[in-house]
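Notes to accompany the following structure.
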Amino acid sequence: MSEKALVIVSGGSRGLGEHLVRALLADGHTVATFSRGKTPFIDGCMAEHPERFYWEECDITDAPRLDRFVAECTRRFGPVGTLINNAAFATDGLFLFTRRNDMHKALAVNVEAVMNLTQTCLAGMIRARKGIIINVSSVSAVRGIKGVAAYGATKAAVDGFTRGLAREVGSQGIRVNSVALGYFESAMSTALLDSDQVKKIVERTPLKRVGHIEEMVGVIRFLMSPAAGFITGQTLLVDGGLTC
Ligand SMILES: NC(=O)c1ccc[n+]([C@@H]2O[C@H](COP(=O)([O-])OP(=O)(O)OC[C@H]3O[C@@H](n4cnc5c(N)ncnc54)[C@H](OP(=O)(O)O)[C@@H]3O)[C@@H](O)[C@H]2O)c1
């Protein structure tokens, strides 16, 4: 078993999750992740780090499967030290036209499944009397953004969950924070916004650019580090000043 406790990252096959997995493996962590589909990146990690990387095909909304995934991870690597709730589903378009099915899916993936996975990992953290939970949120949770009302509502729920849970588990050495991210390039954001919309975001952003995925990874690494040992129950905005 690696000296560094196990990190579970939901949705580590591409986008921010892929960059997180890569950075955490480079930092010497043992990393487990899941997604519905396998990517060449996952194949590469399995080949390069068979002793401290694990991936399973799993839909986050399948609660029994998710529980089995966590059980298999802890059987292989010991208790979960850090959980990063990264996987999400984004709704797109004006709320009036948002399909009921998409609203339901956003709630199921972004809220219910986040709570399920957190609860499953939390039991071991409480036994160990230590743990770190980082929930990936969005600027749309804290500011109104046209076209993502339902998605923003689910991310606001995640921020509320972060605060409530931090209150409950702080005395047991567990820190819970969320990162409300601004736009960065990924499959999700490219599907959501066209170049005109990105241009408008850049104009409204004091730093006059979109975020780099490494900057998002950097903030999450900071929240995992001892330097962030006194931070809990917070939503950290990482948005180039868009919401200031
Ligand atoms: N991109 C942005 O500009 C932006 C801005 C603010 C916040 N965020 C947040 O940042 C996080 C990462 O976003 P991203 O842009 O990197 O997304 P992405 O490129 O779409 O990647 C999402 C990851 O989650 C997995 N996933 C999605 N649905 C899943 C499900 N039902 N079950 C299991 N795995 C699932 C995907 O794999 P499969 O599809 O194979 O399952 C993939 O690995 C999300 O929480 C998002 O809300 C993104």
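Counting convention: from 1, in listed order, for ligands and their atoms alike. Bear in mind that the values here come from a model prediction, so they are computed numbers and not experimental data. For this chain, numbers begin at 1 and follow the sequence in order.
- When H19, M188, K38, R14 are checked for heavy-atom proximity to atom 17 (O) of ligand 1, M188 turns out nearest.
- Of the charged side-chain nitrogens involved, at least one lies within less than 4.0 Å of a carboxylate oxygen, so that D102 and R99 count as a salt-bridged pair.
- Ligand 1 places these atoms under 4.0 Å from at least one heavy atom of G15: 16 (O), 19 (O).
- When hydrogens are left out, the protein atom nearest atom 32 (N) of ligand 1 is I60 N, 2.8 Å; that is the closest non-hydrogen contact.
- Considering only non-hydrogen protein atoms, atom 40 (O) of ligand 1 sits nearest to G37 N, 2.9 Å.
- Heavy-atom contacts of Y183 reach the following atoms of ligand 1: 3 (O) (cutoff under 4.0 Å).
- Within the structure, ligand 1 has F184 among the residues with a heavy atom less than 4.0 angstrom away.
- For the pair S10/L117, a side-chain contact is recorded, criterion being any heavy-atom separation below 4.5 Å from C-beta on.
- Residue T61 has no nitrogen or oxygen atom sitting less than 3.5 Å from a nitrogen or oxygen atom of ligand 1, judged on distance alone.
- Residue K155 places a heavy atom less than 4.0 Å from ligand 1.
- Contact of the C73 side chain with the V80 side chain is not registered, since no non-hydrogen atoms from C-beta on lie closer than 4.5 Å.
- Scanning A87, A187, A106 for the heavy atom closest to atom 35 (C) of ligand 1 points to A87.
- Taking a cutoff of 4.0 Å between a charged side-chain nitrogen and a carboxylate oxygen, R68 and E72 do not qualify as a salt bridge.
- In summary, the side chains of T235 and S178 do present a donor paired with an acceptor at a separation below 3.5 Å, with no hydrogens or angles considered.
- Heavy-atom neighbours of K208 NZ from other residues, nucleotides or ligands within 6.0 Å: above the threshold of 12.
- Not a single heavy atom of G211 sits under 4.0 Å from any atom of ligand 1.
- Summarising the geometry, atom NZ belonging to K200 is positioned 13.5 Å from atom OG1 belonging to T205; distances are rounded to the nearest 0.5 Å.
- Closest protein heavy atom to atom 10 (O) of ligand 1: V136 CG1, 3.3 Å.
- Residue E215 places its CD atom among more than 12 non-hydrogen atoms of other residues, nucleotides or ligands, all under 6.0 Å distant.
- Atom CE in M216 sits 14.5 Å away from atom CZ in R221 (nearest 0.5 Å).
- Side-chain contact of N85 with T118: a donor-acceptor pair under 3.5 Å is present, judged by distance alone.
- With a 4.5 Å cut-off on side-chain heavy atoms, F161 and V111 do not count as touching.
- If you number the atoms of ligand 1 from 1 as listed, the ones under 4.0 Å from a heavy atom of C58 come out as 32 (N), 33 (C).
- Given atom 6 (C) of ligand 1, the protein heavy atom at minimum distance is L181 O, 3.2 Å.
- Of the N and O atoms on the side chains of N110 and T154, at least one donor lies less than 3.5 Å from an acceptor on the other residue.
- The nearest protein atom to atom 23 (C) of ligand 1, hydrogens excluded, is given as G11 O, 3.5 Å; this is a heavy-atom distance.
- Using a 4.0 Å cut-off to heavy atoms of S137, the atoms of ligand 1 that qualify are 7 (C).
- Of the polar atoms of R36, at least one N or O is found under 3.5 Å from an N or O of ligand 1, judged by distance alone.
- Protein heavy atom closest to atom 44 (C) of ligand 1, with residue, atom name and distance, is N86 O, 3.0 Å.
- Regarding atom 34 (N) of ligand 1, its nearest protein heavy-atom neighbour is S35 CA, 3.7 Å.
- In this structure, the protein non-hydrogen atom closest to atom 8 (N) of ligand 1 is Y151 OH, 3.6 Å.
- Heavy-atom separations between G182 and ligand 1 include at least one value shorter than 4.0 Å.
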